[in-house]
Number of protein chains: 2
Amino acid sequence: MPTISKEDYIKAIYQLESDPDKSVSTTDVANKLEVSKAATSEMVQRLSEQGFLNYEKYRGMSLTDEGKKTALHVIRRHRIWELFLMDVLGLSWSEVHAEAEILEHSTSDFLIEKLDEYLGHPKVDPHGEPIPDKYGNLPELPDCVSLQLCEVGKNYRLVKVIDSSKELMNYFTEIGLSLNRMVMVVSRLSYDNSTIIQVGNDSFNISEKISSNLFFIEAVK
Amino acid sequence: MPTISKEDYIKAIYQLESDPDKSVSTTDVANKLEVSKAATSEMVQRLSEQGFLNYEKYRGMSLTDEGKKTALHVIRRHRIWELFLMDVLGLSWSEVHAEAEILEHSTSDFLIEKLDEYLGHPKVDPHGEPIPDKYGNLPELPDCVSLQLCEVGKNYRLVKVIDSSKELMNYFTEIGLSLNRMVMVVSRLSYDNSTIIQVGNDSFNISEKISSNLFFIEAVK
DNA sequence: CTTTAAACTTAGGTATTCCTAACTTAATAA
DNA sequence: TTATTAAGTTAGGAATACCTAAGTTTAAAG
């Protein structure tokens with residue numbers, strides 16, 4: 001069983017790998033985890049020896065199947081805790097991540113299955129991210145599009161939010177945006193590519209940058 | 001903030017100190033935590049330097065106020081988790097301890113207060129042990145007596161169980177003993193000082209040794 | 001009061017995970 | 001193609017927490 005640090009590295013590499021454009025570098029991992037490149041270089045070599053990733057010096061890395069399985073195991077724990085903290089304990093969108101970040105390393109398989117059962121075997125976490133099952137399989141989710149691609153005049157349901165910062169999550173909460181919330185696209189300003197959406201009775205202008213964090217599915221209504 | 005290991009040592013010393021007869025020795029702590037005496041000796045010196053305990057070489061140790069505060073802080077987290085795991089997630093008496101032992105080190109003050117609130121600011125954990133409040137104050141509990149001292153013919157309510165082993169806790173569950181359960185003392189055998197109690201419709205003979213783990217308050221009925 | 005055994009500490013060593021500084025390799029721009 | 005810079009690795013070191021083996025102190029028995 002990997003240590004807490006190793007789990008953090010493996011998870012970070014998994015997440016960096018999800019961008020298919022480029023391979024994962026020492027610097028990427030070091031930045032993400034806020035440790036030195038030296039520490040990363042060492043750890044990557046250790047994880048390579050232990051079979052969690054393939055690694056050629058100076059050439060970047062990629063997780064082995066074993067590494068991916070481990071990453072999904074950690075991610076499962078993280079997302080189940082997030083959902084639990086929000087739905088059961090009433091933590092806010094901006095609070096769940098930090099707590100889950102700690103708990104994900106201190107939870108037995110036994111306990112995670114109990115939590116999963118309590119929650120009714122959920123498929124997504126509070127951000128709409130899929131929760132891997134206990135075998136490491138990610139559930140298939142319907143396609144969704146970022147707000148930038150939503151069409152003016154149509155109704156949409158919010159199904160995914162990228163948690164980029166606490167500030168942003170608090171802002172979303174403030175304006176009434178929550179998972180599965182219905183939204184109408186009022187208009188788009190070509191001036192700055194921002195989108196005006198209606199949430200309940202209020203309208204908000206969402207900048208292009210923020211739009212890229214919000215994902216919707218069109219609602220037939 | 002102490003590390004996980006330090007918290008474990010401080011908690012162990014606190015628990016050993018609760019026996020007022022004798023002072024806490026290196027060997028006591030080493031046995032309790034199942035580490036070498038050498039490791040204990042080192043750690044005790046480190047904790048002494050850091051103000052968590054008073055220590056004179058070869059002479060035993062005692063926690064400072066700071067040390068006691070830290071111990072109670074860990075114990076609070078442990079007991080709140082135990083209650084939560086049992087009452088909310090439905091874990092059994094024999095399962096909660098091991099899980100809480102891990103979680104107690106990975107829970108922020110913020111989260112513990114949320115759990116405490118969710119549980120309605122409970123005073124006792126699933127074993128009837130008092131839960132320190134956030135300032136480290138232990139609630140006053142009514143006096144109780146071990147089964148050995150309960151009088152034949154009287155009715156009692158189970159208010160505390162010493163968790164000596166998973167096996168024992170499973171046995172208690174099996175015979176229907178749970179916290180606040182009503183029990184009638186049927187008789188006591190002077191031959192081996194065992195006690196026969198009635199739980200619901202069934203009677204059980206409880207050995208002297210097991211009796212010392214069960215604590216009751218007389219019920220007026 | 002001395003011997004002996006138990007209790008305790010120190011010495012020396014290992015593993016993990018981090019650091020800075022120095023050095024090496026690879027990629028890029030002239 | 002070579003010089004420069006960015007990326008990556010190694011060297012050397014620190015903190016934590018453990019170990020075994022050896023040495024020291026205390027307490028208890030004779």
Side-chain angles (χ1 to χ4, degrees), chain A residues 1-14 16-17 19 21-63 66-67 70-71 74 101-102 104-106, chain B residues 1-14 16-17 19 21-63 66-67 70-71 74 101-102 104-106:
Chain A
M1 179 131 206
T3 60
I4 291 176
S5 268
K6 280 181 191 151
E7 284 188 349
D8 279 332
Y9 279 90
I10 291 169
K11 192 178 72 161
I13 295 163
Y14 181 87
L16 291 165
E17 261 184 0
D19 180 351
D21 293 349
K22 57 179 188 60
S23 79
V24 179
S25 70
T26 304
T27 305
D28 293 337
V29 178
N31 288 341
K32 185 157 177 102
L33 295 177
E34 296 183 282
V35 295
S36 68
K37 287 181 227 173
T40 304
S41 189
E42 270 178 54
M43 181 61 100
V44 162
Q45 287 173 55
R46 233 175 295 149
L47 289 173
S48 172
E49 277 159 29
Q50 290 168 24
F52 294 105
L53 46 84
N54 296 119
Y55 167 67
E56 241 189 301
K57 269 181 194 165
Y58 300 102
R59 290 290 159 158
M61 66 202 76
S62 68
L63 290 176
E66 179 65 23
T70 302
V74 180
E101 202 64 24
I102 313 173
E104 67 184 11
H105 303 298
S106 315
Chain B
M1 179 130 205
T3 61
I4 292 177
S5 268
K6 279 181 191 151
E7 284 187 350
D8 278 332
Y9 279 90
I10 291 169
K11 193 177 73 162
I13 295 163
Y14 181 87
L16 290 166
E17 260 183 0
D19 180 352
D21 293 350
K22 56 179 189 58
S23 79
V24 179
S25 69
T26 304
T27 306
D28 294 337
V29 178
N31 289 340
K32 186 157 175 99
L33 294 177
E34 296 183 282
V35 294
S36 69
K37 287 181 227 172
T40 305
S41 190
E42 269 179 53
M43 182 60 100
V44 162
Q45 288 173 55
R46 231 174 296 151
L47 289 173
S48 173
E49 278 160 27
Q50 290 169 23
F52 294 105
L53 47 84
N54 296 120
Y55 167 66
E56 242 188 302
K57 269 180 195 166
Y58 300 102
R59 291 288 160 160
M61 66 202 76
S62 69
L63 291 176
E66 179 65 23
T70 303
V74 180
E101 201 65 23
I102 313 173
E104 68 184 11
H105 303 297
S106 315

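A, B, ... follow the sequence lines: proteins, then strands. Residue 1 opens every chain. The structure presented is a predicted model; accordingly, all values stated were derived computationally and were not measured.
Remark: P of D:dT16 and CD1 of A:I4 are 17 Å apart, rounded to the nearest angstrom. What separates CD of B:E56 from C1' of C:dC8 is a distance of 14 Å, to the nearest Å. A straight line from NZ of A:K22 to C1' of D:dA7 spans 13 Å, rounded to a whole angstrom. Atom P of nucleotide C:dT20 and atom CD of A:E34 are separated by 13 Å, given to the nearest angstrom. The CG atom of B:D28 sits 16 Å away from the P atom of C:dA6 (whole-angstrom rounding). Remark: C1' of D:dT16 and CD of B:E49 are 13 Å apart, rounded to the nearest angstrom. Atom P of nucleotide D:dC18 and atom NZ of B:K6 are separated by 11 Å, given to the nearest angstrom.
Within 4.0 Å of A:T40, counting heavy atoms only, lies no atom of the nucleic acid at all. As judged by a 4.0 angstrom heavy-atom cut-off over every strand, B:S25 is placed among residues touching the sugar-phosphate backbone only. At the heavy-atom level, A:S36 lies under 4.0 Å from base atoms of the strands shown.
Within the structure, a side-chain polar atom (N or O) of A:Y9 is placed less than 4.0 Å from OP1 or OP2 of C:dC18. At least one side-chain nitrogen or oxygen of A:K57 sits closer than 4.0 Å to the OP1 or OP2 atom of D:dT10. For C:dC18, one of the phosphate oxygens OP1 or OP2 lies less than 4.0 angstrom from a side-chain nitrogen or oxygen of A:S5. Dashed line: the shortest gap from a side-chain N or O of A:T3 to OP1 or OP2 of C:dT17 is under 4.0 Å. Look at A:R59 and you'll find a side-chain N or O under 4.0 angstrom from OP1 or OP2 of C:dA26. Taking only side-chain nitrogens and oxygens, B:K37 never comes nearer than 4.0 Å to OP1 or OP2 of C:dT10. At the phosphate of C:dT10, OP1 or OP2 sits under 4.0 Å from a side-chain N or O atom of B:Q45.
To the nearest 0.5 Å, atoms CG (A:L63) and OG (A:S48) are separated by 11.0 Å. One distance of note links OG of A:S41 with NZ of A:K57; it measures 8.0 Å at 0.5 Å rounding. Rounded to the nearest 0.5 Å, atoms CG (B:D28) and NZ (B:K37) are 10.5 Å apart. One finds the CD atom of A:E42 at 8.5 Å from the OH atom of A:Y9 (value rounded to the nearest 0.5 Å).
Heavy-atom minimum distance, B:M61 versus B:T26: CE-N, 3.9 Å.
Of the candidate nucleotides D:dT26, D:dG8, C:dC18, C:dC18 has the atom nearest to the side chain of A:A39. Here the side chain of B:Y58 is nearest to one of D:dT10, C:dA26, D:dT26, namely D:dT26. The nucleotide whose nearest atom lies closest to any side-chain atom of A:R46 is, among C:dA7, D:dG8, C:dT17, C:dT17.
Where A:M43 and A:A38 meet DNA chain C, the nucleotide closest to each residue was compared, and A:M43 sits on the side nearer the 5' end.
Put simply, the side chain of A:T70 gets close to the backbone of A:E66: a donor and an acceptor are under 3.5 Å apart.
Side-chain atoms of A:E42 and base atoms of C:dC19 include a donor and an acceptor less than 3.5 Å apart.
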